[in-house]
Amino acid sequence: VQLQASGGGSVQAGGSLSLSCAASGSIFSIGVMGWYRQAPGKQRELVGLINSVGTTTYADSVKGRFTISRDNAKNTVFLQMNSLKSEDTAVYYCYCYSGNRYWGQGTQVTVSS
């Protein structure tokens, strides 16, 4: 399974960005999909997850600001990020579970204050 992320970039605080990530390859079925992030000097942390029926879970730090969705037909997960803060600056990694854990290559999100 390969995960290809797109989106991200730079924005000022209070702005919005969106990410998407498409899974391809030998996919039998994908369970959970989602996003993690890693800021410089910090450990990778959960942003949010979504299961195959659309149930979501979010880190407290992004609740009410970020929204995860997915298109099961296209094996794609999305992350809509609103009201961005400087502390959201990180490399964002998409994730899925399909028998094993798979990670995307990471995409940079930079929020300037």
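Please read all numbers here as calculations on a predicted model, not as lab measurements.
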Distance-minimising heavy-atom pair for Arg70 and Ser52: NH1-N, 3.4 Å
Donor-acceptor pair, side chain of Thr89 and main chain of Val111, under 3.5 angstrom: yes
More than 12 heavy atoms from other groups under 6.0 Å of CD on Glu45: yes
Test item: Ser61 and Arg37 side chains (from C-beta on) under 4.5 Å apart, heavy atoms: yes
Side-chain donor or acceptor of Ser98 paired with backbone N/O of Ser29 under 3.5 Å: yes
Between CG on residue Asp88 and OG1 on residue Thr110, distance to nearest 0.5 Å: 11.0 Å
Approximate separation, where rounding is to 0.5 Å, of Cys94 SG and Gln4 CD: 8.0 Å
Non-hydrogen side-chain atoms of Met81 and Val109 separated by less than 4.5 Å: yes
Ile30-Tyr93 co-clustered via ILVMFWY side chain contacts under 4.5 Å: no
Thr57 side, atom OG1; Leu46 side, atom CG - distance, nearest 0.5 Å: 6.5 Å
Ser16 side, atom OG; Arg65 side, atom CZ - distance, nearest 0.5 Å: 10.5 Å
Parallel, tilted or perpendicular: rings of Tyr95 and Tyr36 (30°, 60°): perpendicular
Cluster check Leu19, Tyr102: I/L/V/M/F/W/Y, side chain < 4.5 angstrom: yes
Linked, directly or transitively: Val62 and Val91 (ILVMFWY side chains, under 4.5 Å): no
Side-chain heavy-atom pair Cys96, Val77 within 4.5 angstrom cut-off: no
Separation between OG1 of Thr56 and CG of Asn51, rounded to the nearest 0.5 Å: 8.5 Å
In one Ile/Leu/Val/Met/Phe/Trp/Tyr side-chain cluster, 4.5 Å: Phe78, Leu84: no
Main-chain N/O of Gly7 paired with Thr107 side-chain donor or acceptor, under 3.5 Å: yes
Minimal non-hydrogen separation, Ser20 against Thr76, with atom names: CB-CG2, 4.5 Å
Closest non-hydrogen atom pair, Ser18 against Gln80: CB-OE1, 3.4 Å
Parallel, tilted or perpendicular: ring planes of Tyr92 versus Phe66, cut at 30 and 60 degrees: tilted
Minimum side-chain heavy-atom gap Ile68-Met33 below 4.5 Å: no
Salt bridge present between Lys63 and Asp60 (N-O < 4.0 angstrom): yes
Joint hydrophobic cluster, Val47 plus Val11, side-chain heavy atoms closer than 4.5 Å: yes
Atom of Trp35, atom of Leu79 and distance for their closest heavy-atom approach: NE1-CB, 3.5 Å
